[in-house]
Amino acid sequence: MRRLTAVISAIGFATYKEWAAFRSHMAASLLVGPVMFLVQVFIWKAIYEGHDTLNGLTYQQMLTYYGVASLIHYISFDFADWNLQMLVRSGKFVTFALRPLPHWLFALAQKIGHRSLALWVEVLPVLLLFIFVFGVNLQPAAPGWALLSILFSFLMNFMVNYCVGLTAFWLIRAEGIRRVFLLLKDICAGVFIPLSFFPEVLQKILFFLPFQFITYLPTRVYGGEYELAGIHLSLAQAVGLQAVAVAVTALAMALLYNAAMRRFTGVGV
Amino acid sequence: MRESLLAAVLRTKFAEQMAYRSHFIISVIMLIIGDLVVPLITLLVYKSGASFPGWTMHEALLIQAVFALSKGVAFPFFFGMVGTTLGHVREGTFDLLLLRPRPVMLMAMITGFDPDDFGRLFSGAVLFVYALSGMSMPGGGAWLQFGLLFLASVTMLCAVSLFLSGMLFRWVGSSRVFDIFDAFTSFGMYPGTIFSKSLQNILTYVLPIGLIAFVPAEALLGRSGWAGLWAVLPAAGFLLLGMVYWNRMLRGYTSAGG
């Protein structure tokens, strides 16, 4: 266990240093995030004219939703799918197949390193801008549950994306499918609009899909209340449900990973 | 001569895409779905009983349809140069474009031609017809104004692609320029009247994002009149500025020699 922790730390630290050389790439979020948020402020200010609440959310709650969703997006941002597909397509995956460490663990360690850098380059500055420039209330209702929920969101986003990346073992060029899937994932996760705005039937379907656990559920847990498809859950229940979903997705990823490894062929492997 | 060059590039690009037909089809579908996300949000907002004050759902969708249509024209022909510059400068292969006996800007634009992006034209057309079906048909004058302003809209996107592409000669390999584009142009996908007066002025005179969709849509709805055609001028000015900027940035391109 200690050795595994050391390996993960080493990979994470190497990734951190590698990306620190390209920190302006991440720092672009300091412009993109607030600009996107400013658009949302104007949109919802206009929409809320003459309305106190819309689908159970007040104007302030809506701004908090978008603020928290943006921050969760920065924390759990992932491109494991792109990376894996590139490795498979270019044949470089063979170097990972020879290592005494499953690739998914390597990719997770990379993500930890990458996002650790993002914490101070992207998350913290954007958080401060949201609070002090836009005056958004970003104080979590229950910090412990919020932190746990964001941690699960981090893992869930990684596992879903990694599963998409694994399709490269079966498809010659899966870039199109990857992009379609990721877009649908964002829609179903509530990145663009809270899921409570969707029709009742769709909400019921979305409740059982894994995507809400990436953005919608952690954002609502952060705000202190969870409701979807008429189902109200306490924070403990919501995070518990998220934990179960993460465990099920982890199992699915492991099965898919093993099937992919059986299918993989490379020179000398 | 240039026409045959364009035809040759189009043929090659389509042939390239046909080597991965399923990928091409999926990419087109993806772009269609992608362009329908914002209209979907608008639809959900209106279905929940709310609205953009002073705008019916079909009118608001018309702005987003014009935006998609404009992208459907500008992206296949001009916007590919952003990706081309990004890739070539990072790889150090931009020199290949400099060696060709054609203007570099034209070569960067033409090699970036992307047939996938025609999918945007389809989603824009579908949305446009849907939006028009919910309102009274505009008259001939409105269509004429719209046509001219639509040209200005495409010109504007062409200018933006020049700025983004030019930026990449210095900001090597940063794919975040696409995020910057999405962030700033998102102002243009909604009725300009929802923004504060000062921001409306910025979006009209300083950074004419409103010109991409809001101004042409307003003309089609008969809300702006002939005076609205002044907007063609900032678009032309912006394009000229973009060309100057791109060429200045190109001069700063050092290749592998430093």
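Every chain is numbered from 1 and lettered A, B, ... according to where its sequence line falls, protein lines coming before strand lines.
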Chemist: Given the rule in the side chain to side chain contact (heavy atoms under 4.5 Å, CB included) test, do A:I193 and B:V45 qualify, once you have shown the distances and angles that lead to the verdict?
Modeler: CA-CA 9 Å; A:I193 193 164; B:V45 165; 4.1 Å; yes
Chemist: Can you tell me if B:F118 has over 12 outside heavy atoms packed within less than 6.0 Å of its CZ?
Modeler: yes
Chemist: Would you indicate whether the side-chain heavy atoms of B:L44 and A:P199 approach each other to under 4.5 Å?
Modeler: yes
Chemist: With chain A as the partner, which of B:G34, B:P191, B:S51 has the greatest number of non-hydrogen pairs under 4.5 Å?
Modeler: B:S51
Chemist: Any idea which heavy atoms bring B:F52 and A:I43 closest together, and the distance?
Modeler: CE2-CG2, 3.8 Å
Chemist: So which part of B:Y190 gets closer than 4.5 Å to some heavy atom of chain A, the side chain, the backbone, both or neither?
Modeler: side chain
Chemist: So for B:L40, is it side chain, backbone, both, or neither that comes closer than 4.5 Å to the heavy atoms of chain A?
Modeler: side chain
Chemist: Among the options B:I33, B:I41, B:L43, B:T193, pick out the one with the most heavy-atom pairs lying under 4.5 Å from chain A.
Modeler: B:I41
Chemist: Is it the case that atom CH2 in B:W171 sees more than 12 heavy atoms from other parts of the structure closer than 6.0 Å?
Modeler: yes
Chemist: Mind checking the OG-CD1 spacing from B:S48 to A:I47? Nearest 0.5 Å is all I need.
Modeler: 7.5 Å
Chemist: Examine whether an atom of A:H25 lies under 4.5 Å from a heavy atom of chain B, and if so say whether it belongs to the side chain, the backbone or both; otherwise answer neither.
Modeler: both
Chemist: Quick one: what part of A:F37 sits under 4.5 Å from any heavy atom of chain B, side chain, backbone, both or neither?
Modeler: neither
Chemist: Is A:R23 atom CZ crowded by more than 12 heavy atoms from other residues, nucleotides or ligands, each under 6.0 Å away?
Modeler: no
Chemist: Should the heavy atoms of other residues, nucleotides or ligands under 6.0 Å from CZ of B:F122 be counted, would the total exceed 12?
Modeler: no
Chemist: Where on B:L199 is there a heavy atom nearer than 4.5 Å to chain A: the side chain, the backbone, both, or neither?
Modeler: side chain
Chemist: Let me know if A:L54 has heavy atoms under 4.5 Å from chain B in its side chain, its backbone, both or neither.
Modeler: side chain
Chemist: Find the distance between CD1 (A:I187) and CG (B:L36) and round it off to the nearest 0.5 Å.
Modeler: 9.0 Å
Chemist: Quick one, A:F192 and B:V38 - any side-chain contact, counting heavy atoms below 4.5 Å?
Modeler: no
Chemist: Determine the minimum heavy-atom distance between A:F42 and B:S196, stating which atoms define it.
Modeler: CE2-N, 3.4 Å
Chemist: Quick check: under 4.5 Å, non-hydrogen atoms only, which of residues 174-186 of chain B neighbour chain A?
Modeler: B:S174, B:S175, B:R176, B:D179, B:I180, B:D182, B:A183, B:F184, B:S186
